[in-house]
Amino acid sequence: MPELPEVETVVRSLRPQLIGRTILVFEPIWPKVIEAVLLDDFTAAVEGQKIKDVTRRGKFILLHLDSVHLAVHLRMTGTLFITRKPVTDFQHITAVFHISAGEKLFFRDTRKFGRIYLYRDLEVLDRKLGIEPLGVGFTTEWLWENLRIRKRQMKALLLDQTFLAGLGNIYADEVLWRAKIHPLKLSNTVSSTKTKALHEAIGTILTDAIAANGTTIRDFTFQDEQTGGFNNELQVFQKEDSACPRCSTTIRKIRAVGRGTHICPRCQRQ
DNA sequence: CAGTAATCCTGCCCGC
DNA sequence: TGCGGGCAGGATTACT
Ligand SMILES: [Zn+2]
């Protein structure tokens with residue numbers, strides 16, 4: 001499940017390989033990969049355009065072209081990669097960008113939830129997304145004020161991309177455990193001490209995960225099948241039935257906010 | 001406003 | 001062994 005650290009890892013890997021290249025041909029293997037734009041319009045808008053930069057916003061990979069922007073969302077099982085090796089199994093390839101210098105950029109996605117969006121004005125996407133957790137505006141004060149004025153279950157709020165852009169199921173569980181907050185705790189009842197701890201947890205865990213090239217739970221790879229190194233540093237995610245690293249209580253897997261959720265029942269009280 | 005559930009899609013796990 | 005049913009999961013949408 002690519003979240004902010006995994007997407008950042010992909011962007012850092014692709015940026016030097018893509019900047020300055022031109023998209024020659026767009027090949028939609030599975031046309032529904034294009035969202036909210038007619039395929040012909042998409043193809044016409046993209047072909048012949050030069051890639052000026054590759055950046056990240058939330059969990060989106062942004063390809064900045066001459067006159068439009070592409071936003072790629074990997075969802076659960078998507079991977080975006082360049083390879084010179086011949087690809088023979090196209091069962092899970094949803095799109096191919098043929099770029100200059102004979103290279104090909106592949107979008108592979110077993111679950112087919114991933115999408116490519118076209119934006120003429122990036123502001124439209126930017127407005128929909130919440131604050132960047134590693135941006136300068138994300139402070140303890142900002143978090144305190146914004147938890148206080150809402151009455152939301154904490155895990156739901158952390159997963160809400162219009163509130164905070166970038167966390168998914170793995171890192172939401174990890175930061176809540178680190179800050180000792182129960183996932184169903186209402187945001188307006190979180191103490192200032194725990195708000196401070198949560199802010200610290202988000203910054204530290206995301207930064208460490210990026211440094212480790214992310215977490216590979218299932219399909220996540222970058223740069224020719226390399227996997228993330230943060231798996232070894234997970235404390236609670238998929239650790240049900242093992243001991244809490246902090247207090248040795250057995251980690252439990254519960255259902256919260258409609259998703260599998262891992263908690264220490266002792267460290268994280270409601 | 002907040003929460004729940006259906007939707008999309010397919011590999012995988014479980015039970016018989 | 002093989003088959004079928006059901007589940008998981010990010011984001012959006014429709015309800016309550
Ligand atoms: Zn504990």
Side-chain angles (χ1 to χ4, degrees), chain A residues 1-10 28-37 56-62 70-80 89-95 107-119 124-133 145-176 182-190 206 209 214-221 228 234 236-241 252-263 270:
Chain A
M1 293 160 263
E3 305 178 25
L4 189 152
E6 292 74 39
V7 174
E8 181 64 28
T9 299
V10 173
I29 307 291
W30 188 74
K32 283 167 78 175
V33 71
I34 303 305
E35 182 81 13
V37 188
R56 179 191 62 74
R57 174 76 169 95
K59 298 183 207 172
F60 288 91
I61 299 163
L62 303 178
L70 299 185
V72 179
H73 201 304
L74 303 174
R75 283 301 215 285
M76 305 169 53
T77 57
T79 49
L80 193 65
D89 179 16
F90 276 82
Q91 191 190 352
H92 299 128
I93 304 289
T94 54
F107 192 7
R108 182 176 57 207
D109 185 13
T110 37
R111 287 287 190 279
K112 294 192 167 105
F113 277 14
R115 293 290 183 272
I116 305 173
Y117 305 82
L118 175 80
Y119 288 100
V124 175
L125 173 63
D126 200 53
R127 278 201 315 260
K128 286 189 216 166
L129 294 173
I131 194 166
E132 279 290 326
E145 179 61 21
N146 282 277
L147 293 185
R148 193 179 64 76
I149 61 178
R150 290 172 177 82
K151 191 176 178 178
R152 299 277 306 277
Q153 297 170 336
M154 282 304 292
K155 180 159 178 178
L157 197 51
L158 292 181
L159 292 176
D160 184 344
Q161 301 299 300
T162 68
F163 176 74
L164 185 66
L167 289 199
N169 211 32
I170 301 171
Y171 297 105
D173 281 4
E174 292 293 318
V175 300
L176 286 171
H182 192 281
L184 297 180
K185 177 88 176 162
L186 293 180
S187 60
N188 61 334
T189 68
V190 175
L206 291 181
T215 306
T216 296
I217 289 302
R218 203 174 203 135
D219 303 72
F220 172 68
T221 57
L234 295 177
V236 284
F237 190 77
Q238 291 187 347
K239 302 287 185 192
E240 58 266 36
D241 302 329
R252 296 292 180 201
K253 183 173 183 179
I254 63 171
R255 197 83 189 158
V257 199
R259 358 195 58 86
T261 299
H262 310 80
I263 61 163
Q270 272 241 42

- Task: Quick one: label A/G168 by what it contacts on the DNA or RNA (base, sugar-phosphate, nothing), any heavy atom closer than 4.0 Å.
- Result: nothing

Whole angstrom is fine here: how far is it from [atom1] in [X] over to [atom2] in [N]?
X	N	atom1	atom2	value
A/K155	B/dA2	NZ	P	19 Å
A/D160	B/dG3	CG	P	11 Å
A/R75	C/dT12	CZ	P	6 Å
A/R255	B/dG3	CZ	C1'	15 Å
A/I149	B/dA2	CD1	P	9 Å
A/Q161	C/dT13	CD	C1'	17 Å
A/L74	C/dG9	CG	C1'	14 Å
A/R150	B/dA2	CZ	P	7 Å

- Message: Which residue is it: A/K155, A/H262, A/E3, A/E174? I am looking for the one with a side chain to side chain donor-acceptor pair (under 3.5 Å) to A/N169.
- Response: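 Exactly one candidate clears the test, A/K155.
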
Looking at [X] and [Y], would you say the former's side chain and the latter's main chain have a donor-acceptor pair under 3.5 Å?
X	Y	result
A/D109	A/F113	yes
A/R127	A/L129	no
A/T162	A/D160	no

Give a yes/no answer on whether the side chain of [X] brings an N or O atom under 4.0 Å of OP1 or OP2 in [N].
X	N	value
A/K151	B/dG3	no
A/R152	B/dG3	yes
A/H73	C/dA11	yes

Using a cutoff of under 3.5 Å, can you pull out all pairs of nitrogen or oxygen atoms linking the protein to nucleotides 7-10 of chain B, with atom names and distances?
{"from": "B/dC9", "atom 1": "OP1", "to": "A/K32", "atom 2": "NZ", "distance (Å)": "2.4"}
{"from": "B/dC9", "atom 1": "OP2", "to": "A/K32", "atom 2": "NZ", "distance (Å)": "3.3"}
{"from": "B/dT10", "atom 1": "OP1", "to": "A/K112", "atom 2": "NZ", "distance (Å)": "2.7"}
{"from": "B/dT10", "atom 1": "O2", "to": "A/R111", "atom 2": "NE", "distance (Å)": "3.1"}

- Item | Point-to-point distance, once rounded to the nearest 0.5 Å, from CZ of A/F107 to CZ of A/R115 | 8.5 Å

- Query: Closest approach of A/A172 and A/L159, non-hydrogen atoms and distance?
  - Reply: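 What the structure gives for the nearest pair is CB-CD2, 3.9 Å.
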
- Query: Can a donor-acceptor pair under 3.5 Å be found between the side-chain atoms of A/R259 and the base atoms of C/dG10?
  - Reply: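 Indeed, a donor on one side and an acceptor on the other fall under 3.5 Å apart.
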
- Test salt bridge (charged side-chain N to carboxylate O under 4.0 Å, His left out) applied to A/E145 - qualifying residues, sequence neighbours left out: A/R148

